[in-house]
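Note on naming: letters A, B, ... go to the chains in the order of the sequence lines (proteins, then strands), and numbering restarts at 1 for each one.
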Protein chains: 2
Amino acid sequence: MKTIAKNKIIIVDDHLLFSQSLQLLINNFKEFEVVNRFENGKVFINYLQENADSEVDLILLDVNMPVLDGVETMKWIKENRPSLKVIALSVNDDEEIIIRMITNGAKGYLLKDTSPEIFKEAMCCVIEKGFYFTELVSGMLVKKANDDSKKISLKEKEIVFIRHACSEKTYKEIASEMCLSPKTIDGYRECLFDKLEIKTRIGLVLYAIKHKIVLV
Amino acid sequence: MKTIAKNKIIIVDDHLLFSQSLQLLINNFKEFEVVNRFENGKVFINYLQENADSEVDLILLDVNMPVLDGVETMKWIKENRPSLKVIALSVNDDEEIIIRMITNGAKGYLLKDTSPEIFKEAMCCVIEKGFYFTELVSGMLVKKANDDSKKISLKEKEIVFIRHACSEKTYKEIASEMCLSPKTIDGYRECLFDKLEIKTRIGLVLYAIKHKIVLV
DNA sequence: TAAAAAAAGGGTGATTATACCCTTGTACAG
DNA sequence: CTGTACAAGGGTATAATCACCCTTTTTTTA
């Protein structure tokens, strides 16, 4: 019987049911073994800091986690352990999140409805070639490149104003809360209507919610 | 070696990675075995219809699924196979969904960040006692009982109006689209402002989004 | 450092949104 | 058959929103 060094995997996911189950699944693959599991980005980073020399070949990082989520964790990894290979795992295909994970250095992005076969292929691919992107993700990267040219940038004050606008306050009340003249608020509004190609405050509210400037 | 008849489990979940992993986890418990997996409510219901006599002790039903989601599947089960024991599994603790699953007959509601130990306990509990509710869920059931008294009911036309109101259309335009006089629309609006305790159209939009009358 | 851009504010008028009070017809229960 | 409830619609008035064109001051940047 040959002994092959298995690739060491770490799982970071707050869904215990999932992460413990996934560990069983991965340990059934002869090429891999799970050496550690963490339930959020914070405890994972703590571990990395205290075990700087730990050997690990691949991180499976959940995106939606409490305490410290996937994006923030990925940022930390990019700055402090850029050589770590990470595959992001998520249930949703929210474009913005995918882009942020990848621009922060994730080598792959898989949805949790991926089949175990594809999943294994992705893990192998990342370890051998350094990356694995599905068509969905590649498409988004291309789209993002196009979007970037016509990117809309909102200033901090505009964002504050938008949050106020997503309430039953009148512009006059908003002006008072922001310690500005109602006329200045008027200016913010007109500028935003123009930039966002909308015509009414309702449009502004819908925009804000769609782009998660306010949460509902 | 004693041979005990294991409890037969069916998993319904679109996240293949999760459902296949979970199957491994459950098969490690001596009391249970997974006899089938389905990736959404529709294929599961098809199976039930074609295998009316199949023996199964417990269904693990994911809430967020494509094609036919947990709530709709649960409705079908309530009407057609009310004796089936179902534990709902979900990543989110959205009150409305939890309530709907339970009022449609789910015997338990577990979040996916539950530990395998609790998970196993819940499965045993449902099979033996018929139900298992965490504190979170029990609390919601109590809260719901209170809320029901002051329940707000929206008429069909009001809902159509609200959907229109969540756009940049003016009331005049909405009236025209609904083939009603602007004055009637005026009446709808006033009635809703009163019922929902809001003062502006912005409030209406926020209400609609919060209560998923419109999707963003 | 001069020119350009951005931020803050103002005036006026038109359009929308909101409040309050009213009539008419119809359906339905007592 | 009468009263109640309700949907549809009307009148009028006020407040909020939106458009367009303007000045002053500060910040950027070429």
Student: For a quick test of reading the model: is some side-chain N or O of B/Lys155 closer than 4.0 Å to OP1 or OP2 of D/dC6?
Tutor: no
Student: For the helix from C/dT1-D/dA30 to C/dG30-D/dC1, what angle separates the axis at the start from the axis at the finish, each from five pairs, in steps of 10°?
Tutor: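 For the helix from C/dT1-D/dA30 to C/dG30-D/dC1, the axes at opposite ends meet at about 40°.
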Student: Any side-chain N or O of A/Ser181 under 4.0 Å from OP1/OP2 of C/dA8?
Tutor: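 Negative; the distance criterion is not met.
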Student: Between the protein and nucleotides 24-28 of chain C, which nitrogen or oxygen pairs come in under 3.5 angstrom?
Tutor:
none

Student: Check this for me, if you would: do A/Glu96 and A/Lys212 make a salt bridge, where the nitrogen-to-carboxylate-oxygen distance has to be below 4.0 angstrom?
Tutor: no
Student: Under the 6.0 Å and 45° cation-pi test, does A/Arg189 pair with A/Phe193?
Tutor: yes
Student: Please check this pair: side chain of A/Arg37 against backbone of A/Gln23, looking for a donor-acceptor N/O pair closer than 3.5 Å.
Tutor: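 No, the answer is negative, given that no donor and acceptor are paired below the 3.5 Å cut-off.
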Student: Just checking, B/Arg201 and B/Tyr171: is the charged tip under 6.0 Å from the six-membered ring centre and within 45° of the axis?
Tutor: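 Yes, B/Arg201 lies over the aromatic ring of B/Tyr171.
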Student: What is the separation between atom CG on A/Asp194 and atom P on C/dA6, rounded to the nearest whole Å?
Tutor: 13 Å
Student: Taking protein heavy atoms under 4.0 Å as touching, what does nucleotides 13-22 of chain C look like 5' to 3' if B marks base contact, S marks sugar-phosphate-only contact and - marks none?
Tutor: ---SSBBB--
Student: Passes side-chain contact (heavy atoms from CB on, under 4.5 Å), B/Met101 versus B/Leu61? Steps please.
Tutor: CA-CA 10 Å; B/Met101 289 302 284; B/Leu61 179 62; 3.9 Å; yes
Student: Can you pull out every ring-ring contact (aromatic ring centres under 6.0 Å, His included) where at least one residue sits in residues 35-70 of chain B? Sequence neighbours excluded, please.
Tutor: B/Phe38-B/Phe44, B/Phe38-B/Tyr47
Student: Would you list the pairs meeting ring-ring contact (aromatic ring centres under 6.0 Å, His included) in which at least one residue belongs to residues 54-74 of chain A, sequence neighbours left out?
Tutor: none
Student: So, is A/Tyr188 near the phosphate of C/dA7, with a side-chain N or O under 4.0 Å from OP1 or OP2?
Tutor: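 Indeed not, no polar side-chain atom of A/Tyr188 lies that close.
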Student: What is the distance from atom CG of B/Leu206 to atom CD1 of B/Ile198, rounded to the nearest 0.5 Å?
Tutor: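 With rounding to 0.5 Å, CG (B/Leu206) is 8.5 Å from CD1 (B/Ile198).
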Student: What is the distance from atom CE of A/Met140 to atom CD1 of A/Ile97, rounded to the nearest 0.5 Å?
Tutor: 11.0 Å
Student: Which residues satisfy the ring pair (Phe, Tyr, Trp, His ring centres under 6.0 Å) test with B/Phe119, sequence neighbours excluded?
Tutor: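 For B/Phe119 there are no ring pair (Phe, Tyr, Trp, His ring centres under 6.0 Å) partners, ignoring immediate neighbours.
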